[in-house]
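Along the sequence shown, residues are numbered consecutively beginning with 1. Note that this is a predicted model, so its numbers are computed, not measured.
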Amino acid sequence: MSIDSPPLLCSVLLLSGGRGQRMGGQDKGLVEWRGQPLIAHLQRLVRPLTDDLIISCNRNPQRYAAYADQLVTDDSPDFPGPLAGIRAGLAAARHPHLLIVPCDVPHIDAGLIQALCETAQRNPLLPVMVRHGEFWEPLICIVPTGLRDAVDSAWHAGERSPRKLFLQLGGVGLECPADDPRLANLNTPELLQTPSGVSE
C-alpha cells in the first residue's frame, strides 16, 4: 500500500540524532537492515507525503543529506534526547503540521501513517500520538507547528519528556493493538538480526 493524496499538508521529521547506546554507539539511522540503512526504509515510506522532509541527525550529515530536504541538529552537543530533535524540526518545518517518526521503526506502514494524518486532520490544533494498550508512542506523532513556542517554553522550563509535554498540550491518541508488529522498535543489534525484526 502506498500513501495517496495525503489528507493534510505536513513536513516530515525523521529522528536519527540519538547516541545509539543500545547499538553500541553506532549511528542508528545508518545501521543496515535488509540491505539498506534504517533511514532509507523510513524515507521511502514518507517521501510521497511531503516536499519538506527533515532529518534530525548529530553525526554523518553528508550521508543523511541524500535522504532529506533539510537536516537539523540539536542546539546542545550532549545528546539531550529526542525532544531536542523535535524542537529543531518544529523550528525548521515549512508546513502547518510536522509528522515525526523515529528511524528505528521500519515496520511502520502507509496505513498507520494515513490513520495518523486523518486523526490529526480531525484534531488540527493538538498533538496526535500513537497509543497501543497502555503505552503512548510520543515519537510516532503529528504536532501542529503552531505549538513550537509552547514546546520551546516547556524545554526552557526543564521538560525533556515528549510524552509528558504532548499530553500537557492536549495530546490525542491513535489507538493501535497492544501488540501491533508495525510498532516494533529495532533498537538493538539482536532485534535487527531476527527474521521478523520483532523480539520473540
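Distance alone, capped at 3.5 Å, places no donor-acceptor pair between the Arg163 side chain and the Phe166 backbone. Remark: the backbone N or O of Asn185 is not paired with any side-chain donor or acceptor of Asp104 at under 3.5 angstrom. When atom types are taken as modelled, the side chain of Gln70 and the backbone of Ala92 share a donor-acceptor pair closer than 3.5 angstrom. No side-chain donor-acceptor contact under 3.5 Å links Glu137 to the backbone of Leu139. Asp69 contributes a side-chain N or O that, together with a main-chain N or O of Leu53, makes up a donor-acceptor pair within less than 3.5 Å. Although no hydrogens or angles enter the test, the distance criterion places no donor-acceptor pair under 3.5 Å between the side chain of Thr119 and the main chain of Leu174. Of the possible polar contacts, none joining the Ser11 side chain to the Leu98 backbone as a donor-acceptor pair under 3.5 Å is found.
Taking the side-chain contact (heavy atoms from CB on, under 4.5 Å) definition, one finds that Arg182 meets it with Asp109, Leu112, Cys176, Asp180, sequence neighbours left out. Shown here are the salt bridge (Lys or Arg N to Asp or Glu O under 4.0 Å) partners of Arg63, two or more places apart in sequence or in another chain: there are none. Legend: residues meeting side-chain contact (heavy atoms from CB on, under 4.5 Å) with Arg87, ordered by chain and number and at least two apart, are Asp75, Val151, Asp152, Trp155, His156. Partners of His132 under the ring pair (Phe, Tyr, Trp, His ring centres under 6.0 Å) rule, at least two apart in sequence or in another chain, do not exist in this structure.
Side-chain contact between Leu13 and Val101: absent, with no pair of heavy atoms (C-beta onward) separated by less than 4.5 Å. You'll find the side chain of Leu38 stays beyond 4.5 Å of the side chain of Glu32, heavy atoms only. Leu71 is not listed as a side-chain neighbour of Ile54, based on a closest heavy-atom distance of 4.5 Å or more. Proximity of Val105 to Leu183: side-chain heavy atoms (C-beta onward) are nowhere separated by under 4.5 Å. Side-chain contact between Ile108 and Leu45 is present, with heavy atoms from C-beta onward closer than 4.5 Å. Under the 4.5 Å side-chain criterion, counting only non-hydrogen atoms from C-beta, His97 is not in contact with Gln121. Looking at heavy atoms from C-beta onward, Leu14 lies in side-chain contact with Ile39 at the 4.5 angstrom threshold. Within the 4.5 Å cutoff, side-chain heavy atoms of Pro162 are placed close to those of Leu83.
Between Pro144 and Pro127, the shortest heavy-atom distance links the atoms CD-N, 3.9 Å. Closest heavy-atom contact between Thr50 and Cys10: OG1-O, 2.7 Å. Nearest heavy atoms, Ala93 versus Thr145: CB-CG2, 3.7 Å.
Each ring pair (Phe, Tyr, Trp, His ring centres under 6.0 Å) pair with one or both residues in residues 36-57, not counting sequence neighbours, appears once here: Trp33-His41. Every pair tested for ring pair (Phe, Tyr, Trp, His ring centres under 6.0 Å) that includes a residue from residues 46-75 fails, sequence neighbours excluded, so the list is empty.
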